[in-house]
Amino acid sequence: MKMPSDPRLQALLTRRSTPSRLLGAPGPDDADFEALVDAALCVPDHGRLRPWRLLQIRQPAGSALGHALVRIREQRGEHLEDAVREKDLHRFDAAPRVLVVIFAPHRGHKIPEIEQQHSGAALAMNLLHAAKAVGYGAQWLTGWPAHDRDVAAILGLSENESIIGFIHLGTPLGAAPEVERPSSAQLLTEWHGE
């Protein structure tokens with residue numbers, strides 16, 4: 001892919017997810033974090049419904065959530081291999097801040113729920129771009145905790161709400177892996193009418 005000369009496009013084209021295990025201190029301070037969230041909130045929102053909300057997790061709450069994940073699985077009678085147990089224990093204790101993007105749809109509204117959910121996904125993506133713009137690393141993760149009703153209950157979600165993603169934020173402690181991206185020529189077609 002040929003890199004454009006415009007640095008604003010270069011910033012978008014060089015965005016990479018930094019694995020959460022490679023995100024450490026310092027994380028965004030309160031002022032930076034507020035600015036990142038404000039930038040993330042500048043999303044398309046058909047009907048101005050704001051069908052999302054945000055939940056912040058910092059330490060030691062991230063470690064507590066990891067222990068809760070293991071407890072949930074053990075109470076269900078799941079046998080956890082050591083590697084699985086360790087992964088769950090430490091899912092949320094590397095990055096200094098984790099922002100949970102929560103989908104809070106307005107059910108029965110004329111704006112379709114899928115459009116409302118897309119707005120929440122755009123918010124999560126804006127947060128990744130904002131973090132890169134000011135020099136932080138970020139990763140958008142889901143995994144089983146994002147789709148589990150017991151985890152949702154622990155985090156205080158209502159029955160109507162679900163998790164779009166966990167956005168891990170911090171200072172990159174290593175390089176983000178390179179990712180092969182498709183080119184516009186591979187995916188772009190044009191419709192010429194009927």
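No hydrogens, no waters, no symmetry mates; every other heavy atom, side chains included, goes into these values. Since this is a predicted model, take the numbers as computed values, not measurements.
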Taking every heavy atom of Leu169 against every heavy atom of Leu23, the minimum-distance pair comes out as N-CD1, 4.1 Å

Taking ring pair (Phe, Tyr, Trp, His ring centres under 6.0 Å) as the cut-off, I'd like each qualifying pair that reaches into residues 95-127, sequence neighbours left out, listed once. none

Value for CG (Leu49) from CD (Glu115), rounded to nearest 0.5 Å, stands at 9.5 Å

Using every non-hydrogen atom in the two residues, find where Ala94 and Ser20 come nearest and quote the distance to one decimal. CB-O, 3.3 Å

I need the Arg149 CZ to Ile163 CD1 distance, nearest 0.5 Å. 8.0 Å

Pairwise distance OG(Ser119) to CG(Leu41) - rounded to 0.5 angstrom: 9.5 Å

On a heavy-atom basis, the closest approach of Arg16 and Val179 is NE-N, 3.9 Å

Is there a path of hydrophobic side-chain contacts, each under 4.5 Å between heavy atoms of I, L, V, M, F, W or Y residues, that connects Leu99 with Val134? yes

Rounded at 0.5 Å granularity, tell me how far CD1 in Ile57 sits from CD1 in Ile167. 11.5 Å

Residue set satisfying salt bridge (charged side-chain N to carboxylate O under 4.0 Å, His left out) with Asp88, at least two apart, ordered chain then number -> Arg73, Arg91

Donor-acceptor check, side chain of Glu113 to backbone of Gln117, threshold 3.5 angstrom: yes or no? no

Shortest non-hydrogen contact from Leu157 toward Arg53: CA-NH2, 3.8 Å

Enumerate the ring pair (Phe, Tyr, Trp, His ring centres under 6.0 Å) contacts for residues 13-64, please, sequence neighbours excluded, ordered by first and then second residue. none

Partner residues of Ser17 under the side-chain hydrogen bond (donor to acceptor under 3.5 Å, both in side chains) criterion, sequence neighbours left out: Arg15

What distance do Asp148 atom CG and Ile72 atom CD1 have between them, rounded to the nearest 0.5 Å? 5.5 Å

Hphob cluster co-occupancy, Leu54 + Ile164, side-chain heavy atoms under 4.5 angstrom: yes

Report the residues that fulfil side chain to side chain contact (heavy atoms under 4.5 Å, CB included) with Asn160, sequence neighbours left out, ordered by chain and then residue number. Pro105, Arg107, Ser158

Atom of Pro96, atom of Gly24 and distance for their closest heavy-atom approach: CG-O, 3.3 Å

Side-chain contact, heavy-atom cut-off 4.5 Å: Thr14 with Lys132? yes

Would you kindly confirm whether Val100 and Trp140 end up in one hydrophobic cluster when ILVMFWY residues are joined by side chain heavy atoms under 4.5 Å apart? no

Taking side chain to side chain contact (heavy atoms under 4.5 Å, CB included) as the definition, give me every residue that meets it alongside Gln186, ordered by chain and number, with sequence neighbours left out. Pro182, Ser183

From Glu78 CD over to Glu81 CD, what is the distance, rounded to the nearest 0.5 angstrom? 12.0 Å

Tell me which pairs pass ring pair (Phe, Tyr, Trp, His ring centres under 6.0 Å) where either residue lies in residues 69-90, with sequence neighbours left out. none

Val37 versus Gln56: any side-chain heavy-atom pair under 4.5 Å? no

Under the rule for side chain to side chain contact (heavy atoms under 4.5 Å, CB included), what residues qualify as partners of Ser184, not counting sequence neighbours? none

Please answer: with hydrophobic residues joined when any side-chain heavy atoms are less than 4.5 Å apart, are Val101 and Leu141 in the same cluster? no

Which pairs would a plain distance check flag for residues 120-130, meaning a side-chain donor or acceptor within less than 3.5 Å of a matching protein atom at least two apart in sequence or in another chain?
{"unit_1": "Asn126", "atom_1": "ND2", "unit_2": "Ala39", "atom_2": "O", "d": "3.4"}
{"unit_1": "Asn126", "atom_1": "ND2", "unit_2": "Cys42", "atom_2": "O", "d": "2.9"}

Quick check: does any side chain N or O of Thr171 sit under 3.5 Å from a backbone N or O of Pro26, one acting as donor and the other as acceptor? yes

Report the residues that fulfil side-chain hydrogen bond (donor to acceptor under 3.5 Å, both in side chains) with Arg21, sequence neighbours left out, ordered by chain and then residue number. none

Close side-chain approach of Ile154 to Leu69, heavy-atom, < 4.5 Å: no

Tell me whether Val151 shares a hydrophobic cluster with Ile102, the cluster being built from Ile, Leu, Val, Met, Phe, Trp, Tyr side chains joined at under 4.5 Å. yes

Going by the ring pair (Phe, Tyr, Trp, His ring centres under 6.0 Å) test, which pairs reach into residues 159-192, not counting sequence neighbours? Phe92-Phe166, Phe92-His168

Would you name the heavy atoms of Leu22 and Ala175 that are closest together and state the gap between them? CD1-O, 4.1 Å

Taking only residues at least two apart or on different chains, which pairs with a member in residues 32-44 satisfy side-chain hydrogen bond (donor to acceptor under 3.5 Å, both in side chains)? Asp32-Tyr136

